[in-house]
Amino acid sequence: MFDPVSPQVSFPELDATQLAFWENTRIFEKTLEGAEEKQPFIFYEGPPTANGMPHPGHVLTRVMKDVFLRYRTMCGYYVPRRAGWDTHGLPVEVEVEKELGISGREAIQQYGVEAFSRKCIDSVFKYIGEWQKMTERIGFWVDFDSAYVTFHKSYVESVWWALSEMFNKGLLYQGYKVVWWWPQGGTALSAGEVGQGYRTIDDPSVMIRFPVVGEERTSFLAWTTTPWTLPSNIALAVSAKTDYATVELEDGERLVLAAALVGKVLGEEANVVATRKGSELVGMSYEPPFRYAEPEGGPAWQVIDADFVSLDSGSGLVHLAPAFGEDDFRVCKEKGMGFLQLMKPDGTFPDEVTDFAGRFCKDADRDIIRNLSARGVLFKEEVYRHDYPFCWRAMDDPLIQYARRSWFIRTTQEIDRVKENNQAVHWEPEHIKSGRMGQFLEGNVDWALSRERFWGTPLPIWKNDETGAVEAVGSVAEILERNPDAFAHFEKAKAADPTLQDHLMVHKPWIDAVSWTKDGEPGVYRRVPEVIDCWFDSGCMPFAQWGFPHQNAEGFERNFPADFITEAVDQTRGWFYSLMTISSLMFPERALPHPFKNCVVLGLMTDEKGKKLSKRDKNYTDPLVLMDRVGADAVRWALYAGTVPGQSTRFFDDAATDAVREFLLKIWNVYSFFVTYANIDGWTAAVPRPALADRPDMDRWVLAELDATVRAVRQELDDYKSHMAVRRLLGFVDGLSNWYVRRSRARFWASEDTDDKRAAFSTLYEVLVDLAKLAAPFVPFMTETLFQNLVHKDDPAAPKSVHLASFPEPDSARIDEELRKTVERVRNVVTLGQRVRNENKLKVRQPLAEAIVVVADDQERRGIDRFASAIREELNVRALGFTQEPHKYVEFELVPNFRVLGPKLGKQVPACKKALADADGSALYAEMEAKEKIVVQLPSGPVELTPSEVEVRLSARDDFAAASGSGQVVVLDTRVDDSLRREGLAREVINRIQRARKTMDLAYEARIEVRWNADGELAEAIEEHAKRIAGETLATGFSRESVPGSAHDTEIDGSALSLSIVEKLTR
RNA sequence: GGGGCACUAGCUCAGGUGGUUAGAGCGCACCCCUGAUAAGGGUGAGGUCGCUAGUUCGAGUCUAGCGUGCCCCA
């Protein structure tokens, strides 16, 4: 006996049962047993930061990871799944700042770095509970107990090792670079961080006079959108090849600007008095607009040429302030110009800028313009609308470009190796390789690694405060070699406060107090103040999760490289890049690709309208709430069905509801149907099963479909195309539910014990069990329910869980392509017949004498005939016939088989098509039938065509009730004689009584007593079919008797039918 | 300004290596169904595949240009 299954099901309740079952029986742990015998399938978990609530996008990546991991597990691989947490970085600090109500580096220092670091640890795991809950609820199996954590001491030491290796190879250096700087936060932002904060804003666009030295009343007219950088002006840039005009204004003043822009800036009538090439301007000197300080390190206030000067906007001369622009810095450095940085790191003007001292850069723009205007230096002011970056965590804070001393990894030196690595990776979708990632690598610049912040992996570099000598260390042990007492201060602090975690010894502020001296060398080695970009942390996870190389070398080797990772597209420049780059730099000798072989890149998740999901707009339902409503499987299925790698995924609650109806409920209904009748019949898995060959066509068909589905799903999952696997599963379930079960129902409720019935039960059972396994990676909850009841309950030897079972294997005994093709045709015949009925307004209730199928050949005919009874029932016809005279019903048309004839005839193809179309198709068809070839006359001469070179198209002739499609034609005999009409009427009566039963809310097995009355043909029909009517409606009494005013009185085709129905209570 | 992706039915989306009747689900219309029934099912109408050129015997699919939207980077 199976446990009874109700057709009404609460998937959320099932989820709870299975979650408890997995937990109690430790199924996940069991999947990890036997590691030694199994082939490993290595997965890396991209560590999330748990300092915010998980949202649907996170759910997507987690279920996408899960489906491939469950699949591989069932295929017999050893699939370790270690969780990880990303714990460092600006997001964490900003969250803590918010919590403490402070902002900026100084405020943090005042608050105390020690206390701040501890707060960061608290904050990092603030939502870890929510993350774990979501992860468990959605059914993502991952091992939290062994999770790697990026702030842990062993992890940090691994990162240090990587950095020290790079330092020793000369790949880590300190440079002066223009970075995107967040003044209020006091730190540089990574490219990825900057990219998240672009906003369209209006900035002033000003044109300013730079008086030419040595030319009377003549000025360069230069352009800028950042007036606050003018006090730090060093040079003007021109394009050497461009023409520059000198224009004389009415008052005699002369301005120099690009000739092409004269009209735009000064009007078409402007008086051009001279023209020079940009190269002729190079080297000329000018008066700067401000002169608060003298530049250092080289000449200033000269014209230089630069490749980036464009004529799209402005004047063709660009103001350069190397302290505040990446291009400016590069060009000025190339030309050996000086440097001036009149702006403090907090974004305010220093004291020497007397007019604006203490003012915030962007806020001072207006006053600077006013000042320039008052002195007659300003020529023109406009508003310039463009995209400008703001801090991604504090959206009101603009970023500025700012030259800083910072540490870099010389990625550009090894970029070719990274590119090679990228080429070797299997990206899904493929275009990431040469597209987003490839292009990014083409434009690679050195990795700006350091952050002038607090909560991050400290840069393991110590500098001698007297000699300037620099050392990098790769572990705590290396520090202790240099100074055994290096951590005495930390030990002391720990003794005073036992809650102080050991992990913190490698963090600020404790690590900053670590120092050493060297014999025979003056000065003390002290750590540089910076921490590093947290992307470097997560990029080290392939080895840092093991603490490699300081420990667990074998763990690292066994789990390197990963077979599979998946994250969203924003990780291209994030985790994917950091993984690939660090690995390429650290392990140049290893076989490519590493550290990952297959990478599924997911698109962004949006709401129904394609809008980005945002907490503020509340355009999504909390995943946990949604799962409690529709169940985790529904959410999972909706995501698999709606997600194509690389494309954005629109997700909304209705998609999950649809998933229930389209997939889960269909399977459930079949399952419930099966269990109901198996239990009534006492069928169990132990009952001997008929051999496959002895089963009817219908059974062998569904098993052939199952086998084809198994092959397809395996292939798609091997190719990381989950959405394609979903389609195959949907197609199979539709055929199972809407053809196999619908057509086979009667076989299950037959009362005698026949071979046919045993075959039906065996087949449906086998299909359900394999389907449960096949769908288990996608919908692990419902499939577990099926598996437990169908398999494990009565077979203690079976795997404890569907997730410990083997994924279905292709079964060559089940293959039957001919049968699949035949059923496809049969179903098409039914479709066509139904279309004929619809078009001719012939209800299915009205029986017809015959359906005639036009077939192309005898084999097709024999195949279809095997399903004659099914077709007769579906179409409600008394007979199924095959015509011997196709010409009577259909027109033939011959069309070239383009795939074959294209290469053969080339340019003659259209002529051939026309010749075939113009000829008498039916005659050609007859000729082809007789001679196995035809000859057509083309302008270029006669051509002989064989049957494989043409396609035969059939179309129904207009004078018959017929429909054609997919190469088939079905004709219905629409004549309704008296006998047919009376049978139709009888079926109408049955229908009315059944409807009455339904409105009376009777149980399906309830017996009734019917009294009826009618006149004429209707009465005749009822009399004639009384037995059948009574039988089908379970009427034990059926008599012609007038009962006035019955509630079920009705009419059929205009004839009154009086019906009185009462339930007959039999006990 | 540069790079990437997308544009297919009213809506959401599929459509390896080009092959001539472009598919699915939802929605809609009409219809069916008591033994899977607080379910299920059938049929149909909807598309010049963003636009314009080109390559080709043949283009939703390949090439170029343009347009619109999204993402990334300046």
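Naming: A, B, ... by sequence-line order, numbering from 1 per chain.
Counting only N and O atoms by type, the side chains of A:N991 and A:R987 include no donor and acceptor under 3.5 Å apart. For the residue pair A:N444/A:Y577, the side-chain donor-acceptor check at 3.5 Å is satisfied. Side chain to side chain, A:T412 and A:D446 meet the donor-acceptor criterion of an N or O pair below 3.5 Å. Between A:D719 and A:Q715, the side chains place a donor N or O and an acceptor N or O closer than 3.5 Å (distance only, hydrogens not considered). A:D681 and A:W749 form no side-chain donor-acceptor contact under 3.5 Å, judged by distance and modelled atom types alone.
Rounded to whole Å, the separation between the P atoms of B:U8 and B:A38 comes to 40 Å. Nucleotides B:C7 and B:C49, compared at atom P, are 13 Å apart to the nearest Å. Nucleotides B:U12 and B:G4 place their C1' atoms 24 Å apart, quoted to the nearest Å. Comparing B:A9 with B:G46, their P atoms are spaced 14 Å from each other, to the whole Å. Atom C1' of B:C71 sits at a distance of 30 Å from the matching atom of B:G18, rounded to the whole Å. Taking the P atom of each, B:A45 and B:C5 are spaced 37 Å apart, rounded to whole Å. Using P as the reference atom, B:G47 and B:C57 are 32 Å apart when rounded to the nearest Å. When the C1' atom is compared between B:U52 and B:G15, the two are found 24 Å apart, to the nearest whole Å.
In this structure, A:R992 atom CZ and B:C32 atom C1' are separated by 13 Å, rounded to whole Å. The separation between A:K843 atom NZ and B:C33 atom C1' is 13 Å, rounded to whole Å. Atoms CG (A:D734) and P (B:G40) sit 12 Å apart, rounded to a whole Å. Per the geometry, CE belonging to A:M724 stands 16 Å off P belonging to B:G23, to the nearest Å. The distance from atom OH of A:Y640 to atom P of B:U12 is 24 Å, rounded to the nearest whole Å. Summarising the geometry, the separation between NZ on A:K907 and P on B:U55 is reported as 10 Å, rounded to the nearest angstrom. Distance, A:N738 CG to B:G25 C1': 14 Å, rounded to whole Å. Spacing between atom CZ of A:F440 and atom P of B:C71 amounts to 18 Å, rounded to whole angstrom units.
Taking every heavy atom of both residues into account, A:T242 and A:A258 meet most closely at CG2-CB, 4.4 Å. The shortest heavy-atom contact between A:G325 and A:Q401 is CA-OE1, 3.0 Å. The shortest non-hydrogen separation linking A:V909 to A:G902 is CG2-CA, 3.8 Å.
A:R745 comes within 4.0 angstrom of a nucleotide base, judged by non-hydrogen atoms across all strands. Contacts of A:Q439 with the nucleic acid, taken as non-hydrogen atoms under 4.0 Å apart, involve only primed sugar atoms and P, OP1 or OP2. In this structure, A:E874 reaches neither bases nor backbone, as no heavy-atom distance under 4.0 Å exists between it and the strands shown. Residue A:R661 is in sugar-phosphate contact alone, with no base atom involved, counting any heavy-atom pair closer than 4.0 Å across all strands shown. In this structure, A:Y677 reaches the sugar-phosphate backbone alone: every heavy-atom distance under 4.0 Å involves primed, P, OP1 or OP2 atoms, never a base. Residue A:V569 is out of contact with every strand shown, counting any heavy-atom pair closer than 4.0 Å. Residue contacts for A:N991: at a heavy-atom cut-off of 4.0 Å it reaches the sugar-phosphate backbone alone, with no base atom in range. Residue contacts for A:K913: at a heavy-atom cut-off of 4.0 Å it reaches a base atom on one of the strands shown.
Within the structure, every side-chain polar atom (N or O) of A:T572 is placed at least 4.0 Å from both OP1 and OP2 of B:C72. For A:R835, a side-chain nitrogen or oxygen approaches OP1 or OP2 of B:G44 to under 4.0 Å. Considering only side-chain N and O atoms, A:Q908 lies nowhere under 4.0 angstrom from the phosphate OP1 or OP2 of B:C57. For B:G41, one of the phosphate oxygens OP1 or OP2 lies less than 4.0 angstrom from a side-chain nitrogen or oxygen of A:K666.
Taking every side-chain heavy atom of A:P910 into account, B:C57 is the closest of B:A36, B:C57, B:C26. In this structure, the nucleotide among B:U43, B:A36, B:G4 sitting nearest to the side chain of A:H431 is B:G4. Taking every side-chain heavy atom of A:L604 into account, B:C71 is the closest of B:C71, B:A36, B:G25. The side chain of A:R845 approaches B:C32 more closely than any other nucleotide in the set B:G42, B:C32, B:G19. Each of B:U20, B:G41, B:U43 was ranked by its minimum atom distance to the side chain of A:R742; first place goes to B:G41. Nearest to the side-chain atoms of A:H723 among the listed nucleotides B:G41, B:G15, B:G19 stands B:G15.
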Given side-chain contact (heavy atoms from CB on, under 4.5 Å), test A:F898 with A:K913 step by step and report yes or no. CA-CA 9 Å; A:F898 292 98; A:K913 181 185 179 185; 4.0 Å; yes
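For the pair A:I432 and A:R987, nearest-nucleotide mapping onto RNA chain B gives the more 5' position to A:I432. Each of A:V909 and A:Q834 lies near RNA chain B, and the nucleotide nearest A:Q834 is the one positioned closer to the 5' end.
One donor-acceptor pair, N or O on each side, does fall under 3.5 Å between the base of B:C71 and the side chain of A:R436. Between the side chain of A:S737 and the base of B:A36 there is at least one donor-acceptor pair of N/O atoms closer than 3.5 Å.
In this structure, A:F898 forms an aromatic stack with the base of B:U20, since both conditions hold: centre separation below 5.5 Å and plane angle below 30°.
Applying the 90° criterion around 0 to the glycosidic angle, B:G25 comes out anti.
Using a 30° and 60° split on the angle between ring planes, A:Y765 and A:F674 fall in the tilted class, from 30° to 60°. In this structure, A:W668 and A:Y671 have perpendicular ring planes: the angle between them is above 60°, well past the 30° mark.
Helical stems of RNA chain B (runs of at least 3 Watson-Crick or G-U pairs, donor-acceptor distances under 3.5 Å) are listed by first residue: B:1-7 with B:67-73, B:10-13 with B:23-26, B:28-32 with B:40-44, B:50-54 with B:62-66.
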